[in-house]
Amino acid sequence: MKTDISKLLQKKRKQILETWMTIQLSDESLRDNLMSNEDLQEQSNELLDELLGTLNDKNIKDSGSADFDRVREVLSGISISRARQGYTPRDTGFYVFSLKDALLQTLQQEIKDDPEFLFQTSVYLNKLMDAFGITTFETFIQGREDVILRQTSEIAEISTPVIRVWDGILALPIIGTLDSARTQVVMENLLQEIVESGSTIAILDISGVPAVDSLVAQHLIKTVSATKLMGAECIISGIRPEIAQTVVHLGIDLSHVVTKATMASALRYAFNVMRLEIKKIQKEKADN
Amino acid sequence: MDRIPILRMGKFLLVTIQIDLYDRLATNLETDLVQMVNKTGAKGVLIDISALSIVDSFMGRILGNIGSMSKIMDAETVVVGMQPAVAITLIELGLELKGVHTALNVERGMDLLMHKIDLTDETVQDEDSTE
């Protein structure tokens with residue numbers, strides 16, 4: 001009769017946990033400043049509970065089994081919370097693999113008399129724990145990926161504000177490289193704002209754009225054309241000498257677009273178009 | 001057959017498109033409008049497309065055609081009230097509506113037309129103080 005592996009491990013649960021804790025605590029790279037031993041014990045206890053609770057003779061051979069969904073959930077939770085606490089993926093990986101060591105040690109002690117069975121079980125357990133280790137890495141990377149995605153969208157959001165500089169004049173400072181996706185956002189924001197504010201002039205300031213290549217210029221021209229279609233005029237300002245150079249070298253035709261070197265001159269042009277005048281208030285002389 | 005009404009307002013023709021255009025309607029509009037320009041001797045055509053939410057390359061071309069046709073019949077065309085989504089679509093389709101003036105709303109479009117005709121036709125009564 002074969003030994004029931006899950007029952008055996010359940011019975012030796014306490015011993016496994018102890019071995020596991022010993023392995024973890026004896027490791028030099030243990031970051032005891034990040035988590036207290038009690039917390040670590042609790043965390044390990046929870047994971048072991050879940051694992052031993054679901055493990056049976058059938059699913060031990062299949063690491064992708066749906067039975068382990070709950071275990072994977074716990075592992076993901078551990079991986080995420082550890083990542084937040086400042087553990088490296090290596091630490092978390094070691095945490096899972098040290099459980100493997102503990103399990104294998106226990107097995108070795110328990111099944112001495114049946115080497116074939118011991119070997120089989122060890123192989124299965126190895127596979128299973130490796131899969132779990134990979135799960136923690138995946139979760140870690142997924143977490144990072146989410147953060148990056150969020151930051152990307154946040155940057156896209158913050159970096160394209162539409163400012164009403166004057167009644168009927170909008171300014172849109174563009175900071176960072178313009179790609180298709182951002183142009184879309186910029187264009188939509190700008191056109192929407194033109195409708196809402198009833199503005200007739202929009203100033204696109206590109207002094208914050210590090211480089212202009214033919215694609216970026218293409219996007220700029222698209223934005224200008226769309227603004228024209230809406231019945232507003234679009235001025236491009238903030239053209240630095242380097243940008244002027246590249247634009248001409250690339251053979252991009254900006255002649256049908258009003259371009260100004262600075263925001264100030266663009267604003268002056270806009271005032272001119274709207275027939276507005278700025279006057280300096282004459283200071284009354286002190287002796288008068 | 002459905003037709004889009006063309007209103008005469010002094011020297012201008014006023015077209016407001018209140019429904020989504022389908023191809024037949026658009027070609028009819030093109031023919032009718034040119035006929036009207038001829039019949040009334042209008043100097044300006046104002047097309048309000050603020051209710052138009054869907055546009056394809058055909059519509060874009062029709063709008064451009066109307067502009068060019070009116071132009072050679074000595075009338076200026078102003079398209080007003082284009083929605084942002086429509087503007088973006090037209091640009092992505094590569095249609096810049098050259099030969100057509102644009103304005104944000106009907107009021108601005110009217111001003112623009114008056115201004116354009118002021119410059120070309122001296123007999124029109126001045127409403128704005130010309131510079």
Side-chain angles (χ1 to χ4, degrees), chain A residues 160 162 164 166-170 172 178-202 204 215-234 236 253-258 270-277, chain B residues 17 44-57 59-64 66-67 76-116 118 127-131:
Chain A
T160 52
V162 182
R164 293 187 201 188
W166 204 267
D167 202 22
I169 304 174
L170 295 178
L172 192 129
L178 267 183
D179 54 15
S180 323
R182 271 196 70 194
T183 314
Q184 195 75 17
V185 176
V186 167
M187 220 195 271
E188 272 167 24
N189 284 351
L190 179 63
L191 299 191
Q192 200 55 50
E193 196 63 26
I194 286 175
V195 172
E196 275 166 25
S197 64
S199 302
T200 43
I201 291 176
L204 270 181
L215 209 62
V216 173
Q218 175 82 15
H219 291 318
L220 281 176
I221 291 171
K222 266 188 188 172
T223 312
V224 173
S225 309
T227 324
K228 267 192 193 147
L229 277 187
M230 299 278 304
E233 195 176 348
C234 196
I236 298 181
D253 183 22
L254 285 180
S255 58
H256 58 286
V257 182
V258 182
F271 284 151
N272 251 335
V273 171
M274 297 182 75
R275 295 179 204 164
L276 293 171
E277 203 179 338
Chain B
I17 300 171
V45 176
L46 189 137
I47 306 172
D48 173 31
I49 57 164
S50 53
L52 197 68
S53 54
I54 298 169
V55 76
D56 59 12
S57 55
M59 301 305 158
R61 224 188 71 208
I62 291 282
L63 284 177
I66 291 174
E76 300 284 343
T77 308
V78 179
V79 171
V80 303
M82 192 182 292
Q83 293 192 11
V86 173
I88 293 174
T89 313
L90 285 179
I91 291 304
E92 294 296 339
L93 289 171
L95 298 161
E96 294 186 23
L97 298 190
K98 290 208 172 96
V100 175
H101 304 290
T102 48
L104 200 61
N105 50 39
V106 177
E107 200 186 340
R108 296 247 173 90
M110 273 295 172
D111 283 349
L112 185 70
L113 270 184
M114 300 254 192
H115 191 67
K116 288 280 171 205
D118 273 352
E127 297 209 0
D128 263 347
S129 57
T130 43
E131 282 162 273

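- Applying a 4.5 Å heavy-atom cutoff, the residues of residues 95-103 of chain B that approach chain A are Leu95(B), Glu96(B), Leu97(B), Thr102(B), Ala103(B).
- Considering only residues two or more places apart in sequence or on other chains, Glu233(A) meets the side-chain hydrogen bond (donor to acceptor under 3.5 Å, both in side chains) condition with Tyr269(A).
- Of the residues considered (Ala85(B), Ala87(B), Pro84(B), Gly81(B)), Pro84(B) shows the highest number of contacts with chain A, using heavy-atom pairs under 4.5 Å.
- Taking all atoms of both residues into account, the shortest heavy-atom contact from Met110(B) to Leu46(B) is N-CD1, 3.7 Å.
- With a 4.5 angstrom heavy-atom cutoff, Ile194(A) touches chain B via backbone and side-chain atoms both.
- Between the CE atom of Met187(A) and the CG atom of Leu204(A) there is a distance of 10.0 Å, given to the nearest 0.5 Å.
- Heavy atoms of Thr223(A) lying under 4.5 Å from chain B are absent altogether.
- Within 6.0 Å of the CD atom in Glu196(A), the count of heavy atoms belonging to other residues, nucleotides or ligands exceeds 12.
- Looking only at heavy-atom pairs under 4.5 Å with chain B, the residue among Leu191(A), Thr200(A), Leu229(A) that has the most is Leu229(A).
- Screening Leu90(B), Leu52(B), Asp48(B), Leu104(B) for a side chain to side chain contact (heavy atoms under 4.5 Å, CB included) with Met82(B), the sole residue that qualifies is Leu90(B).
- Here the CD-OG distance, from Glu92(B) to Ser225(A), works out to 10.5 Å after rounding to the nearest 0.5 Å.
- With values rounded to the nearest 0.5 angstrom, Ile17(B) atom CD1 is found 9.5 Å from Ser50(B) atom OG.
- Side-chain atoms of Arg108(B) never come within 3.5 Å of backbone atoms of Ala232(A) as a donor-acceptor pair (strictly under, hydrogens ignored).
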